[in-house]
Number of protein chains: 2
Amino acid sequence: MAQATERLQRYLEDELGECRDEDVDRRLDELGTLEAALGPAQVDTELDVLAALANETRYTLVRVLVAAGEELCVCELQAVVDVSESGLSHALSALVDAGLVTGRKDGRWKKYQATNRAITLVTVLAGSVTDE
Amino acid sequence: MAQATERLQRYLEDELGECRDEDVDRRLDELGTLEAALGPAQVDTELDVLAALANETRYTLVRVLVAAGEELCVCELQAVVDVSESGLSHALSALVDAGLVTGRKDGRWKKYQATNRAITLVTVLAGSVTDE
DNA sequence: GCTTCAGTTGATTGTCTACTCAATTAATCG
DNA sequence: CGATTAATTGAGTAGACAATCAACTGAAGC
């Protein structure tokens, strides 16, 4: 970090006209505060959610479940994605772990449903991409 | 898909009490419609955005830029993440490609700023994770 | 003009991830 | 009960990804 700090010092000299060591320390502290604004645990959760969504198979499943607005059977979801039965099960399991869908056994069948989190995220994401 | 269709047929028999081939076809069509609700091009864009965010280094950069509310110099961002100078540059480049940040050269320095898309997504994601 | 400096680019490498296959569970049906 | 069915689990593997190193670009400053 020593070298990086030198560069930051030169930058602050450019910006402030003058720059003492204490100015560098203050700026480093400000940057640290920005980074720590959310707790690290929450960031981990957010990254888990993002990782779960950032895959074509899983994102398709979430989108379909959100669009359906009701629970769908695994055997129906099988018709929607292009992976093996096992692959579908792995995908759904990852989505459950990320809190994006919930599963419920119903007799011989298992049904999955999008959570509020999934609905919110898919809606906002679609919106933020539409208005390029 | 032949086998999967058989299972779907049995499922629909369970649900509807009775099920002709045409019922299966109709359900398959409904599912296809759900999947196609958004154009495939838009889905690709959404997946690109998700992939760009789903990485600790890049997500941290976006969060800090959003929290800062102003443009930050590469040399400032260097203090925030734990990768090489080159790794930082690669990360910022990926974020630009995903439309999450913009870059601007200012003399010897290069400054990056969060886009509206990034602000929206980070805000909503943080919110959707807070209310567990 | 040559050097220094800020940042980028491309190639390479080790790690992580998303599948598939095979075996397994749990439930239903005959 | 034994067989079939729906779905899950775990091991293995091919491909994708993130980071680094080294070489490069372009602007600033002496």
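These numbers were taken from a predicted model, which means no experiment stands behind them. Just so you know, these numbers use all the heavy atoms, side chains as well, and skip hydrogens, waters and symmetry mates. In what follows, chains carry the letters A, B, and so on, assigned in the order in which the sequence lines appear, proteins first and then strands, with residues in each chain numbered from 1.
Atoms CG (Leu50(B)) and P (dC17(D)) sit 13 Å apart, rounded to a whole Å. Here dT4(C) presents its P atom at 15 Å from CZ of Arg7(A), a figure rounded to the nearest Å. Whole-Å rounding puts the Arg104(A) CZ to dA26(C) P distance at 19 Å. Distance NZ (Lys110(A)) to P (dT25(C)): 16 Å, rounded to an integer number of Å. Regarding Asp106(B), its CG atom lies at a distance of 15 Å from the C1' atom of dC5(C), rounded to whole Å. For the pair Leu95(B) CG and dA18(D) P, the interatomic distance rounds to 11 Å; values are reported in whole Å. Distance OH (Tyr112(B)) to P (dG7(C)): 9 Å, rounded to an integer number of Å. Look at CG on Leu12(B): it is 17 Å from P on dT5(D), rounded to the nearest Å.
Counting non-hydrogen atoms of other residues, nucleotides and ligands closer than 6.0 Å to CD of Glu56(B) gives a total of 12 or fewer.
You'll find the side chain of Thr60(A) reaches within 4.5 Å of the side chain of Glu35(B), heavy atoms only. Counting heavy atoms from C-beta outward, Tyr11(B) and Glu76(A) have side chains that approach closer than 4.5 Å. Using a 4.5 Å heavy-atom cutoff, the side chains of Leu100(B) and Leu121(B) are in contact. Looking at heavy atoms from C-beta onward, Tyr112(A) lies out of side-chain contact with Leu95(A) at the 4.5 angstrom threshold.
Residue Arg10(A) has no polar side-chain atom (N or O) positioned under 4.0 Å from OP1 or OP2 of dT4(C). Contact annotation: Tyr11(A) does not reach the phosphate of dG7(C) (side-chain N/O to OP1 or OP2, under 4.0 Å). Between dA18(D) and Tyr59(B), no contact under 4.0 Å exists linking OP1 or OP2 to a side-chain N or O.
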Contact string for nucleotides 25-30 of chain D, one letter per nucleotide 5' to 3', B = base within protein heavy-atom range under 4.0 Å, S = sugar-phosphate only, - = neither, reads ---S--
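The distance from atom CG of Leu47(A) to atom CG of Leu53(B), rounded to the nearest 0.5 Å, is 9.0 Å. Residue Glu6(A) holds its CD atom at 12.5 Å from SG of Cys75(B), rounded to the nearest 0.5 Å.
Proximity of residues 60-74 of chain B to DNA chain C (heavy atom under 4.0 angstrom from any strand atom) is restricted to Cys73(B), Val74(B).
Here the side chain of Gln78(A) pairs no donor or acceptor atom with the backbone of Thr5(B) at under 3.5 angstrom.
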Just the atom pairs and distances: protein N or O near nucleotides 17-23 of chain C's N or O, under 3.5 Å.
from    : atom 1 : to       : atom 2 : distance (Å)
dA18(C) : OP1    : Arg58(A) : NH2    : 3.0
dA18(C) : OP2    : Arg58(A) : NH1    : 3.3
dC19(C) : OP1    : Thr57(A) : OG1    : 2.6
dT20(C) : OP2    : Ser84(A) : N      : 2.7
dT20(C) : OP2    : Ser84(A) : OG     : 2.8
dT20(C) : O4     : His90(A) : NE2    : 3.4
dC21(C) : N4     : Ser86(A) : OG     : 2.4

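A ring pair (Phe, Tyr, Trp, His ring centres under 6.0 Å) check over residues 69-103 of chain B, counting only residues at least two apart or in different chains, returns nothing.
Residues forming a side-chain hydrogen bond (donor to acceptor under 3.5 Å, both in side chains) with Asp14(A) (at least two apart in sequence, or on another chain): Trp109(B). With sequence neighbours left out, Asp106(A) forms a side chain to side chain contact (heavy atoms under 4.5 Å, CB included) with Arg104(A), Lys111(A).
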